[in-house]
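Remarks on the structure that follows.
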Amino acid sequence: MDSRGLDRVRAPAQPFMFAAVCLFSVLGTVCPLSGGMLFPRESTSRDVKHLSGLWVFRADKSPSRSLGFEKAWFKSRLSENGPVIDMPVPASYNDITQDSSLRDFLGWVWYEREVVVPASWIQNKEIRVVLRVGSAHYYSIVWVNGVQVAEHIGGHLPFEAEIGGLIRKDPTRPCRITIAVNNTLTLETLPPGTIQHMDDPTMYPNGYFVQNTYFDFFNYAGLHRPVLLYTTPTAYVDDITVVTDFSDNIGFVHYKVSVQGAITVSLKVTLMNNDGECVASSTEQEGVLRVVDVNLWWPYLMHEKPAYLYTLEVRLTGDGEDVYALPIGIRTVEVTSTQFLINNKPFYFHGVNKHEDSDIRGKGLDWPLIVKDFNLLKWLGANSFRTSHYPYAEEILQMCDRHGIVVIDECPGVGIKDIRSFGNASLTHHLDVMDELVRRDKNHPSVVMWSVANEPASEMPPAELYFMTLIKHTKALDPTRPVTYITNSNYARDKGAPFVDIICVNSYFSWYHDPGHLEVIPIQLNTQFENWYNRYQKPIIQSEYGADAVSGLHSDPPMMFTEEYQKVVLQNYHNVFDQKRKQYVVGELIWNFADFMTAQGITRVMGNKKGIFTRQRQPKAAAFILRERYWSLANQTMLPSWTKYIPEHSVCPHLQPRQP
Ligand code: GCB
């Protein structure tokens, strides 16, 4: 099968830049990628045109999967060279039809959409027209009117192309956007995978192959996030980097603005509070804004007024004018040998692991689902989640900023199990993905930590150099946030643990080990924590724990896969957490927020059922256990000054505020 470039040779790893941990050097070193990736926002100088809706679609089912390239499908309308179907964007294509060969398809699919571009965008040559793809899984090539404008490897981060020149060439015709997307995973992609050809003619049809993956979620594919066009003037604000700090009641916003296309840069930077009043300003491209009587960004349930956001407005003046307004939060993050501190106060993660996953849409961004999930998180009393096992949509991080939900931002380094995935090409790609991730998410106050991988084979010898390199690189990109990876390996043999700031451990006692034996949890969990802490003296987060429960399946005494069993697993874990959080355990994240789809296999019943909510977001019994626990934790850990808070959606008496 033609993987068209997925196996192309890459340059060796770049030398690292070790940043001094000083805010100005931070601003100087963040993101060595050329160009920024600011979220497209409308302003007086910028328009945004969303291309969500119906696109034209065809999967290239030719044996080589390369008919589309041989016949140059991008040169004319897709409907002119074969049958097409409707395909919604954003969405995974897999579950949209009744066709199992599309659900399980491997190779290139083709999307197309014609857009009428406003005449003003064509006539005014002083504006840039940018095509942005929020994410396309996994490898994609983009053409506009038959001309290739972008190519991107990686399924979870945005990419862009400036297309103004192209669409002005023939202003009379609509702008035809064609995007080919290939979901093939190789040993060098993130996540990795392999294609296995089955050559035995007595067992498999001619040319039969399958994709093997080493992760536990369905490899949904397609245009998962919004595709849009936006404009900027030709002299424009290309990137903004913000790092914040405070001392007593004074906040400090260290900022750096990068500008493109201007001969001389003349700027006005204004920081506004959430009433729109100016609280600080400057005309420098780089500097520090001082905010008197600062309102810090606090996590949900930690403070009476969580998630306070300011707006940093950057106004570029001169020949043309460009305006970009970035929401920012002022907060600090720090790690000691036993604590995780936000704004110098101990923060305990009581949250969830999620997936971007739902019926029909697969991994497609869906606003009703996003808002429902945030309502459920707040109902639960969760203050945090991990973006297991890949970067989530920017729109979700914006919700976290606005609601005070703390995020461990994970890259798609999941399933690095094969020794061949520790080579130079894999590492180079992994470093590139971290560059792209930090560039996109560096300004979100909700993001407090980077996770570079989930459960890699971190006991293998090459893991030491690989993770040392990766973690140092990430710290150089952003010295202001701790870096970790998620381990399930043996504490004594884990090669990367010396380099992480926080130990994040996954374990499934009485599930994958000693199945059915709930009584082993206390001793095994206690041993787990003691071993890791004694060896590394770093704070620990229980980054996954849980058990499958098929909603509606009951048994008392509890048996595996019932709601009762899931409940008791959780309660046993919680007893140990309550002892250890007085010492060095700084968080607990349930696996998983909701049931989610996986590849078919003998251990999965229509997907992974470790959700405390079903895939349709209805609570199982465990959700109520967790809700009671999280609200009670919130009441124990909230700041003493906050005494008037009564959760409006609470009915439980123990949810009453702590008295001073
Ligand atoms: C894990 C993985 C997660 C799986 C989970 C499970 O350790 O990190 O991706 O879904 O276990 O349920 O097996």
Side-chain angles (χ1 to χ4, degrees), residues 155-156 185 190-193 212-220 349 351-358 362-363 385-392 408-418 421 451-459 463 484-491 494 496 500 503-516 521 524-525 528 532 540-551 560-563 565-566 569-570 573 587-615 620 622 626:
H156 310 89
L185 301 177
L190 280 187
N212 296 317
T213 56
Y214 315 103
F215 51 82
D216 183 36
F217 52 91
F218 193 84
N219 189 31
Y220 279 112
F349 294 78
V352 305
N353 290 277
K354 291 186 92 259
H355 263 300
E356 290 184 314
D357 177 271
S358 70
K363 294 201 174 303
F385 66 76
R386 167 163 76 111
T387 69
S388 44
H389 293 307
Y390 37 80
Y392 293 177
I408 300 173
D409 202 352
E410 188 155 291
C411 92
V414 54
I416 306 177
K417 304 284 190 196
D418 188 307
S421 292
S451 161
V452 298
N454 177 67
E455 296 185 359
S458 49
E459 299 181 5
T484 192
Y485 69 79
I486 314 295
T487 184
N488 66 343
S489 110
N490 177 293
Y491 75 99
D494 194 289
V500 301
I503 305 285
C504 287
V505 196
N506 296 347
S507 59
Y508 289 91
F509 303 125
S510 90
W511 191 261
Y512 293 121
H513 315 275
D514 303 296
I521 295 176
Q524 293 190 359
L525 187 57
Q528 167 199 285
W532 281 98
I540 303 177
I541 294 177
Q542 181 74 38
S543 40
E544 285 180 28
Y545 71 105
D548 287 75
V550 177
S551 171
M560 291 177 77
F561 293 100
T562 63
E563 295 200 30
Y565 194 91
Q566 186 185 38
V569 167
L570 267 52
Y573 266 80
E588 52 187 87
L589 304 175
I590 185 78
W591 190 265
N592 189 285
F593 173 73
D595 293 345
F596 57 91
M597 194 45 73
T598 62
Q600 297 184 62
I602 51 171
T603 60
R604 297 289 177 253
V605 191
M606 282 278 287
N608 186 309
K609 298 287 189 246
K610 293 194 185 69
I612 55 162
F613 296 101
T614 63
R615 202 182 191 207
K620 301 180 194 171
L626 219 58

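Each ligand, and each atom within it, is numbered from 1 in the order the structure gives.
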**Prompt:** Under 3.5 Å, is there a donor-acceptor pair linking the side chains of Asp595 and Thr614?
**Reply:** no
**Asked** In the protein, what heavy atom is nearest to atom 9 (O) of ligand 1, and what distance, to one decimal place, separates them?
**Response** His389 NE2, 2.6 Å
**Message:** Is the ring pair Phe218/Tyr220 parallel, tilted or perpendicular, if the boundaries are 30 and 60 degrees?
**Reply:** tilted
**Prompt:** Quick one: does Ile612's side chain get under 4.5 Å of Gln566's, heavy atoms only?
**Reply:** yes
**Item:** Distance-minimising heavy-atom pair for Asn490 and Trp532
**Value:** C-CZ2, 4.1 Å
**Request:** Any atoms of ligand 1 less than 4.0 Å from a non-hydrogen atom of Asn608? List them with their elements.
**Result:** 6 (C), 10 (O), 12 (O)
**Message:** What protein heavy atom lies closest to atom 1 (C) of ligand 1? Include the residue and the distance to one decimal.
**Reply:** Glu544 OE1, 2.9 Å
**Asked** Which atoms of ligand 1 have any heavy atom of Phe596 under 4.0 Å away?
**Response** 10 (O)
**Asked** Is the closest heavy-atom distance from Arg604 to ligand 1 below 4.0 Å?
**Response** yes
**Message:** Using the rule ring pair (Phe, Tyr, Trp, His ring centres under 6.0 Å), only one of Trp591, Phe613, Phe593 pairs with His355; which is it?
**Reply:** Trp591
**Prompt:** Any idea which protein heavy atom is nearest atom 12 (O) of ligand 1, and the distance to it?
**Reply:** Lys610 NZ, 2.5 Å
**Message:** Can you tell me if Asn454 contacts ligand 1 (heavy atom of the residue under 4.0 Å from the ligand)?
**Reply:** yes
**Asked** Are any of the side-chain nitrogens in Glu563 or Lys620 under 4.0 Å away from the carboxylate oxygens of its partner?
**Response** no
**Asked** Would Phe215 and Tyr390 count as a close aromatic pair, with their ring centres under 6.0 Å?
**Response** no
**Prompt:** Evaluating non-hydrogen atoms only, which member of Tyr508, Tyr512, Trp591 is closest to atom 13 (O) of ligand 1?
**Reply:** Tyr512
**Item:** Minimum-distance protein heavy atom relative to atom 10 (O) of ligand 1
**Value:** Asp216 OD2, 2.5 Å
**Complete:** heavy-atom search around atom 7 (O) of ligand 1 in the protein gives Glu455 OE2, 2.4 Å
**Request:** Taking the side chain as every heavy atom from C-beta outward, state whether Tyr485 and Val500 have any pair of such atoms under 4.5 Å apart.
**Result:** yes
**Request:** Please work out whether any backbone atom (N, CA, C, O) or any side-chain heavy atom from C-beta onward of His355 is under 4.0 Å from ligand 1, and answer side chain, backbone, both or neither.
**Result:** neither
